[in-house]
Amino acid sequence: MFRGVFSLKIFIDSADLDEIRRACEWGIIDGATTNPTLIRKAVEKRGGKVSMEDYIKEILRTVPGPVSLEVIGVRAEEMIKQARILYEKFSPYGEVVIKIPVNPSLNEGDDLDFDGLKAIRQLDREGIPVNCTLVMTPEQAILAAKAGARYVSPFAGRIDDYIRVKMGMKTGIDYRKEDYFDYNLLSRIRDLKLNEHASQYGSVIDAYKSQDIRKLDQETQDNGIISGVDLVAKIVRIFKTYNFKAQVIASSIRNARQVREVAEIGVDIVTVPFEVLRDMVRHPKTLEGMRDFMADVVPQYRDIFEHR
Ligand code: E4P
């Protein structure tokens, strides 16, 4: 059997057993990631009629690799307890990984900022593998890796959304969730605009201090991150530089081009929704080529298959 030795792993980002089964049948899935929203969607699709424990066991039996299951607590002790429950209950059925949010605060002033990291530290000591979720900055990724997370999940699509909203774009009006965020084009436009603005100032210092220029620069990025893919790239670079053991899972993936771009920068794993997996295998010229080839089959060639 030749399946090759790949270092890029593909997970399915879904809790829908139909999708998981189909994708696993294609033979290209190495793991799965779930979260409470994905579980809610799967339960709603089944009209609420789901025996949750059996359902999760079946996901684990189906997936040939790690399956991330998320805790629902916000305090470290609570998350550790829930992680142990998930790990003990479901490990006999497959490879369980526990998802812990990097920062479980629900409100400013909760004083829960470090509870995710505390939980990760403890679970790592107990040998329970953690996927640190809701990572939106390289700084968070560094802390998660230091705490002992086995996987770190930067949310690329949500960072693209965040930047688009900062720019004043409206989802559903200016862009659809699945649209590719063209940050290269945006960077070129931003540079032109900045040049235009900067030329109005006599000195570099005046331009640097200008609030207009700062505003223009700030609203097209998130504290130095220019896109979701850029977030993933920066984390991959830092982890490689310091030889961190944690693997990076590019998450919140919205389209096939994002998958290509995170692969180009050498991410370890990309977790892909079912629809995006489908996009990855499609191209109009492949479709056209298939139709041409099928139309060109001569009877002599068809005979090979039909008269054995
Ligand atoms: C990752 O593990 C999450 O389940 C997921 O990628 C979140 O994606 P979303 O931003 O599309 O909800």
Side-chain angles (χ1 to χ4, degrees), residues 8-17 19-20 23 29-45 56 59-60 63 65-72 79 83 86 94-104 116 120 129-137 140-141 144-145 149-166 169 171-172 175-181 222 225 227-232 235-236 246-259 261-263 267-280:
L8 172 64
K9 295 197 173 70
I10 297 181
F11 288 6
I12 178 162
D13 194 21
S14 175
D16 182 340
L17 204 38
E19 290 182 354
I20 294 172
I29 294 299
D30 302 294
T33 47
T34 71
N35 63 38
T37 305
L38 293 171
I39 291 191
R40 193 196 72 207
K41 280 188 196 154
V43 169
E44 283 174 0
K45 185 177 159 191
I56 292 175
I59 292 180
L60 279 152
V63 177
V67 175
S68 291
L69 302 171
E70 191 154 343
V71 295
I72 53 173
M79 289 190 282
L86 288 171
E95 197 181 326
V96 177
V97 171
I98 305 298
K99 254 189 179 178
I100 302 279
V102 66
N103 180 341
I120 293 170
V130 170
N131 171 0
C132 181
T133 190
L134 284 168
V135 170
M136 306 293 170
T137 68
Q140 290 176 328
R150 195 122 3 137
Y151 304 93
V152 169
S153 291
F155 275 35
R158 291 195 193 197
I159 287 301
D160 287 349
D161 291 346
Y162 188 59
I163 295 171
R164 285 189 274 217
V165 169
K166 274 180 96 176
M169 291 173 78
T171 175
Y175 69 96
R176 291 166 309 159
K177 196 183 167 202
E178 63 273 26
D179 285 348
Y180 174 70
F181 178 48
D222 178 29
I225 303 292
S227 71
V229 170
D230 184 40
L231 166 66
V232 177
I235 296 173
V236 167
Q247 293 192 59
V248 181
I249 308 182
S251 306
S252 184
I253 293 294
R254 305 283 164 76
N255 50 66
R257 187 160 165 184
Q258 265 180 330
V259 178
E261 290 186 355
V262 294
V267 79
D268 303 292
I269 301 162
V270 54
T271 188
V272 186
F274 187 81
E275 286 311 320
V276 178
L277 283 172
R278 215 202 300 261
D279 275 358
M280 284 171 71

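The figures that follow rest on heavy atoms only: side chains count, while hydrogens, waters and symmetry mates do not. Whatever order the structure lists them in is the order used to number ligands and atoms, beginning at 1.
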(message) How far is atom 5 (C) of ligand 1 from the closest protein heavy atom, and which atom is that?
(response) Asp13 OD2, 3.0 Å
(message) Can you tell me if Thr133 contacts ligand 1 (heavy atom of the residue under 4.0 Å from the ligand)?
(response) no
(message) Assess, by modelled atom type and distance only, whether the side chains of Gln258 and Asp160 contain a donor and an acceptor separated by less than 3.5 Å.
(response) yes
(message) I need the atoms of ligand 1 closer than 4.0 Å to a non-hydrogen atom of Asn35, numbered in the order shown.
(response) 3 (C), 4 (O), 5 (C), 7 (C)
(message) Quick check on contacts: which atoms of ligand 1 are under 4.0 angstrom from a heavy atom of Thr33?
(response) 2 (O)
(request) Indicate yes or no for a side-chain donor-acceptor contact from Ser252 to the backbone of Arg158 under 3.5 Å, with no hydrogens or angles considered. (result) yes
(message) Are any of the N/O atoms on Lys99, whether in the backbone or the side chain, positioned under 3.5 angstrom from an N/O atom of ligand 1?
(response) yes
(request) Mind listing the closest non-hydrogen atom pair of Ala149 and Ala246 along with its distance? (result) O-CB, 3.3 Å
(message) Using a 4.0 Å cutoff against the non-hydrogen atoms of Phe155, which atoms of ligand 1 qualify?
(response) 1 (C), 3 (C), 7 (C)
(request) Applying side chain to side chain donor-acceptor pair (under 3.5 Å), name anything that partners Lys41, two or more places apart in sequence or on another chain. (result) none
(message) Assess whether a salt bridge exists between Arg254 and Asp161, defined as any Lys/Arg side-chain N lying under 4.0 Å from an Asp/Glu carboxylate O.
(response) yes
(request) Give the contacting part of Ser251 toward ligand 1: side chain, backbone, both or neither, where contact means a heavy-atom distance below 4.0 Å. (result) both
(request) Indicate whether the side chain of Ser68 and that of Thr33 have a donor and an acceptor atom separated by less than 3.5 Å. (result) no
(request) Go through ligand 1 atom by atom and flag the ones less than 4.0 Å from a non-hydrogen atom of Lys177. (result) 11 (O)
(message) Regarding ligand 1, does Ser252 bring an N or O atom to under 3.5 Å of one of the ligand's N or O atoms?
(response) yes
(request) In sequence, state the C-alpha distance, the side-chain angles, and the governing distance for Lys45 and Asp16, and then conclude on salt bridge (Lys or Arg N to Asp or Glu O under 4.0 Å). (result) CA-CA 9 Å; Lys45 185 177 159 191; Asp16 182 340; 2.5 Å; yes
(message) Under a 4.0 angstrom heavy-atom cut-off, which atoms of ligand 1 come close to Arg158?
(response) 9 (P), 10 (O), 12 (O)
(message) Please compare Arg254, Glu178, Glu70 and report which has the shortest non-hydrogen distance to atom 11 (O) of ligand 1.
(response) Arg254
(message) Could you walk me through whether Glu261 and Asp230 satisfy the side chain to side chain contact (heavy atoms under 4.5 Å, CB included) test, starting with their C-alpha distance in whole Å, then the side-chain angles of each, then the deciding distance to 0.1 Å, before giving a yes or no?
(response) CA-CA 9 Å; Glu261 290 186 355; Asp230 184 40; over 6 Å; no
